[in-house]
S.K.: 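Below is a structure I'd like to ask you about.
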Protein chains: 2
Amino acid sequence: MNRSAKTELFERLAQVAHAIANPHRLELLDLLVQAPRSVEQLAVASAMSLANASQHLQRLKRTGLVVGARRGTTIRYRLADPAVARLWMQLREVAVSQLADVERALDQYRPQRQQFPTITPAALQAKMARGEMLLLDVRPAEEFAAGHLPGALSLPLEELPMRLAELPATALIVTYCRGPLCVYADEALAQVIASGRRGVRLEEGVAEWQVAGYMLEHGERS
Amino acid sequence: MNRSAKTELFERLAQVAHAIANPHRLELLDLLVQAPRSVEQLAVASAMSLANASQHLQRLKRTGLVVGARRGTTIRYRLADPAVARLWMQLREVAVSQLADVERALDQYRPQRQQFPTITPAALQAKMARGEMLLLDVRPAEEFAAGHLPGALSLPLEELPMRLAELPATALIVTYCRGPLCVYADEALAQVIASGRRGVRLEEGVAEWQVAGYMLEHGERS
DNA sequence: ACCGTATTCAATAATTCTATTGAGTAGATG
DNA sequence: CATCTACTCAATAGAATTATTGAATACGGT
């Protein structure tokens with residue numbers, strides 16, 4: 001049997017796995033799933049030093065998971081392929097489904113996640129057709145611009161306290177954010193409900209929505 | 001923001017990624033996707049020392065990717081969850097689609113892979129309904145027993161040379177094995193075609209067939 | 001209760017990975 | 001062309017990972 005070729009093949013695959021086997025690099029990928037970003041943006045968002053973020057991005061680039069392209073004075077990194085986002089989701093699924101630790105860590109990070117009602121993408125899709133709710137994207141504006149659910153209103157979490165009054169008083173309000181590892185939708189929902197309105201959280205995020213086969217809209221808030 | 005909880009969460013995810021970030025452990029998973037096995041079987045099949053295989057299995061077990069259960073005098077390891085198989089497939093998809101290196105390594109390992117015609121699972125499913133072909137599972141018998149395509153005949157590659165004459169002379173023969181990283185179906189097909197018969201290779205393996213939503217049969221050859 | 005065997009454990013040296021620091025580079029902007 | 005900024009590179013010390021060896025353990029069979 002062709003053992004050396006086999007060994008080499010598995011070594012290549014392990015290199016890819018190794019590229020995602022680091023908490024910082026996973027966080028970078030998690031951010032890039034939402035929208036392309038510059039090195040500095042990524043470093044700030046993930047609380048890393050600039051040099052360290054750059055180094056990790058280099059590694060991801062070498063392995064073919066992300067690509068960088070100059071854009072004015074900065075370099076924007078983005079995922080090389082949607083398959084990378086799926087890999088990240090599948091890793092998350094395995095981790096969350098297997099490990100009680102991860103559940104506990106997730107509860108730690110999203111303390112309100114069991115507190116509010118949720119809705120599945122399929123149920124939301126049905127509701128959207130009937131138009132009886134307001135869909136609220138509470139991620140930063142740049143991530144909204146890079147892709148959002150059709151008909152959603154962009155209202156970043158930090159602006160929500162100021163603009164809460166703009167929201168309709170009676171219609172159901174559906175909040176969503178980056179996905180299951182993101183607290184934004186929980187925190188927004190807490191404010192919405194505290195204001196006396198009815199609200200639910202979408203279980204998943206934009207990337208999961210797209211992988212499930214539903215459409216996205218692109219561009220700035222209209 | 002809750003940085004320390006976030007850090008811990010990503011660390012847990014990275015642990016899972018780390019568990020698959022080793023060529024030997026990937027090979028163990030690749031084998032376990034096909035069928036449960038004992039430590040010794042796994043060590044032999046992956047050309048590792050027994051202690052080393054055991055150590056790697058421990059690591060996979062600690063991370064929750066496999067589980068071991070005593071069965072008579074040996075301990076059988078199996079995947080903890082089908083999600084693990086999907087993770088392995090998704091990793092393979094990313095690696096193969098991104099890296100020219102992987103394509104090259106794969107060509108090295110499966111030199112005949114471009115040589116013979118292939119058929120997709122969907123096309124095979126249609127053909128099976130009309131029953132105009134013979135479906136040949138050329139994996140070891142134990143893997144056949146753990147799950148195989150409906151109606152397939154078990155004919156392990158090593159027995160093929162002796163039993164080639166049993167195969168029908170005119171019907172189309174479809175060979176399949178573990179999946180895209182496996183050479184068995186290629187080698188079987190080479191023999192089938194050399195004997196003057198018509199044959200094609202199924203592009204994917206048993207695990208991919210199942211993930212695509214098709215049924216499997218279980219048990220020994222009938 | 002004992003024996004035999006399948007599996008695991010412990011220790012270790014070689015290799016690989018990581019964050020930090022400070023210097024270096026490429027390219028846009030004027 | 002000069003300058004400024006965003007980013008990358010290089011060196012390094014500390015930490016983690018790995019294969020091997022030989023010993024230890026645990027369990028089923030008798």
Side-chain angles (χ1 to χ4, degrees), chain A residues 3-4 6-8 10-29 31-32 36-63 65-78 142, chain B residues 3-4 6-8 10-29 31-32 36-63 65-78 142:
Chain A
R3 168 52 57 180
S4 81
K6 192 172 198 172
T7 301
E8 191 191 347
F10 278 102
E11 256 160 25
R12 300 289 180 181
L13 292 170
Q15 278 172 18
V16 176
H18 219 142
I20 63 169
N22 174 283
H24 291 310
R25 289 196 291 272
L26 280 178
E27 191 167 359
L28 291 173
L29 287 178
L31 290 163
L32 291 175
R37 277 170 237 251
S38 69
V39 178
E40 192 183 357
Q41 286 178 306
L42 288 165
V44 170
S46 59
M48 276 191 259
S49 76
L50 201 68
N52 201 16
S54 172
Q55 215 157 212
H56 282 300
L57 285 166
Q58 292 304 309
R59 174 112 190 226
L60 290 171
K61 188 166 80 173
R62 237 183 304 129
T63 319
L65 301 186
V66 308
V67 295
R70 195 146 212 130
R71 209 184 140 116
T73 133
T74 72
I75 295 181
R76 312 207 104 204
Y77 279 92
R78 60 181 171 77
E142 66 191 354
Chain B
R3 169 51 59 180
S4 81
K6 191 171 198 172
T7 301
E8 191 189 348
F10 278 101
E11 257 160 26
R12 301 288 180 182
L13 292 169
Q15 279 173 17
V16 176
H18 218 144
I20 63 168
N22 174 284
H24 291 312
R25 289 195 291 273
L26 282 177
E27 191 168 359
L28 291 174
L29 287 177
L31 289 164
L32 292 174
R37 275 170 238 250
S38 70
V39 178
E40 193 184 356
Q41 284 179 308
L42 288 165
V44 170
S46 59
M48 275 190 259
S49 75
L50 203 67
N52 201 16
S54 172
Q55 215 157 213
H56 282 299
L57 284 166
Q58 293 302 310
R59 175 109 192 230
L60 290 171
K61 188 165 80 176
R62 236 184 303 131
T63 320
L65 300 186
V66 309
V67 295
R70 194 147 213 130
R71 208 186 141 111
T73 134
T74 71
I75 295 182
R76 311 207 106 205
Y77 280 92
R78 61 178 169 78
E142 64 191 355

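Every chain is numbered from 1, with letters handed out A, B, ... down the list of sequences.
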S.K.: Output yes when at least one side-chain N/O atom of B:H56 is less than 4.0 Å from OP1 or OP2 of D:dA19, else no.
M.R.: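 For B:H56, the contact criterion (side-chain N or O under 4.0 Å from OP1 or OP2 of D:dA19) is met.
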
S.K.: Using atom CG of A:L57 as one end and atom P of C:dA19 as the other, report the distance to the nearest whole Å.
M.R.: 13 Å

S.K.: Look at the side chain of A:Q55 and decide which nucleotide, out of C:dA19, C:dT7, D:dC7, has an atom nearest to it.
M.R.: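 Output: C:dA19.
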
S.K.: Roughly, in whole Å, what's the span from CG in A:L50 to C1' in C:dT18?
M.R.: 17 Å

S.K.: Using whole Å, report how far CZ of A:F10 lies from P of D:dT18.
M.R.: 16 Å

S.K.: Looking at B:N22, does any N or O in its side chain come under 4.0 Å of the phosphate oxygens OP1/OP2 on D:dT18?
M.R.: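 Yes, within the criterion.
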
S.K.: State the CG-CZ distance between A:L65 and A:R25, to the nearest 0.5 angstrom.
M.R.: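 Answer rounded to 0.5 Å: 9.5 Å.
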
S.K.: Assuming nearest nucleotide by heavy-atom distance, tell me which of B:R25 and A:T74 is located more 5' along DNA chain D.
M.R.: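 Its nearest nucleotide being more 5', the pick is A:T74.
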
S.K.: Could you tell me the separation between the CG atom of B:L42 and the P atom of C:dT7, rounded to a whole number of Å?
M.R.: 9 Å

S.K.: Using the side-chain heavy atoms of B:H24, tell me which of these nucleotides is nearest: D:dA19, D:dT8, C:dA19.
M.R.: D:dA19

S.K.: Taking atom P of C:dA19 as reference, at what distance in whole Å does atom CE of A:M48 sit?
M.R.: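 These atoms are roughly 8 Å apart.
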
S.K.: Could you state the atom-to-atom distance from CG of B:N52 to P of D:dT17 in whole Å?
M.R.: 15 Å

S.K.: Among D:dT8, C:dC17, D:dG22, which is the nearest nucleotide to the side chain of B:A51?
M.R.: D:dG22

S.K.: Does A:R70 make a side-chain N or O approach to OP1 or OP2 of D:dC7 shorter than 4.0 Å?
M.R.: no

S.K.: Considering just the side-chain nitrogens and oxygens of A:S54, establish if one lies under 4.0 Å of OP1 or OP2 belonging to D:dT8.
M.R.: yes

S.K.: Considering only C:dA19, D:dT20, D:dC7, which nucleotide approaches the side chain of A:E40 most closely?
M.R.: D:dC7

S.K.: Nearest to the side chain of B:I75 - D:dC7, C:dT7, C:dT29?
M.R.: C:dT7

S.K.: Given D:dT8, is OP1 or OP2 found less than 4.0 Å from the side-chain N or O atoms of A:Y77?
M.R.: yes

S.K.: Run the side chain to side chain contact (heavy atoms under 4.5 Å, CB included) check on B:R78 and B:L32 step by step: do they pass?
M.R.: CA-CA 6 Å; B:R78 61 178 169 78; B:L32 292 174; 5.5 Å; no

S.K.: In Å, rounded to the nearest 0.5 Å, how long is the span from NZ of A:K61 to NE2 of A:H56?
M.R.: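 Reported to 0.5 Å precision, the distance equals 15.5 Å.
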
S.K.: Evaluate B:Q55 against B:R59 for side chain to side chain contact (heavy atoms under 4.5 Å, CB included), listing each step before the verdict.
M.R.: CA-CA 6 Å; B:Q55 215 157 213; B:R59 175 109 192 230; over 6 Å; no

S.K.: Could you measure the distance from the NE2 atom of A:H24 to the CE atom of A:M48? Nearest 0.5 Å is fine.
M.R.: 5.5 Å

S.K.: By the definition side chain to side chain contact (heavy atoms under 4.5 Å, CB included), identify the one residue from A:L57, A:V66, A:V39 that meets it with A:L28.
M.R.: A:L57

S.K.: For A:R76 and D:dC7, give me the distance from atom CZ to atom C1', rounded to whole Å.
M.R.: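 Roughly 15 Å, once rounded to whole Å.
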
S.K.: What's the closest nucleotide to the B:H18 side chain, out of C:dT7, D:dC7, D:dT17?
M.R.: D:dT17

S.K.: According to a strict under-4.0 Å criterion, is B:R71 in side-chain N/O contact with OP1 or OP2 of C:dA6?
M.R.: no

S.K.: Using atom CD of A:Q58 as one end and atom C1' of C:dT18 as the other, report the distance to the nearest whole Å.
M.R.: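 After rounding, the reported distance stands at 15 Å.
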
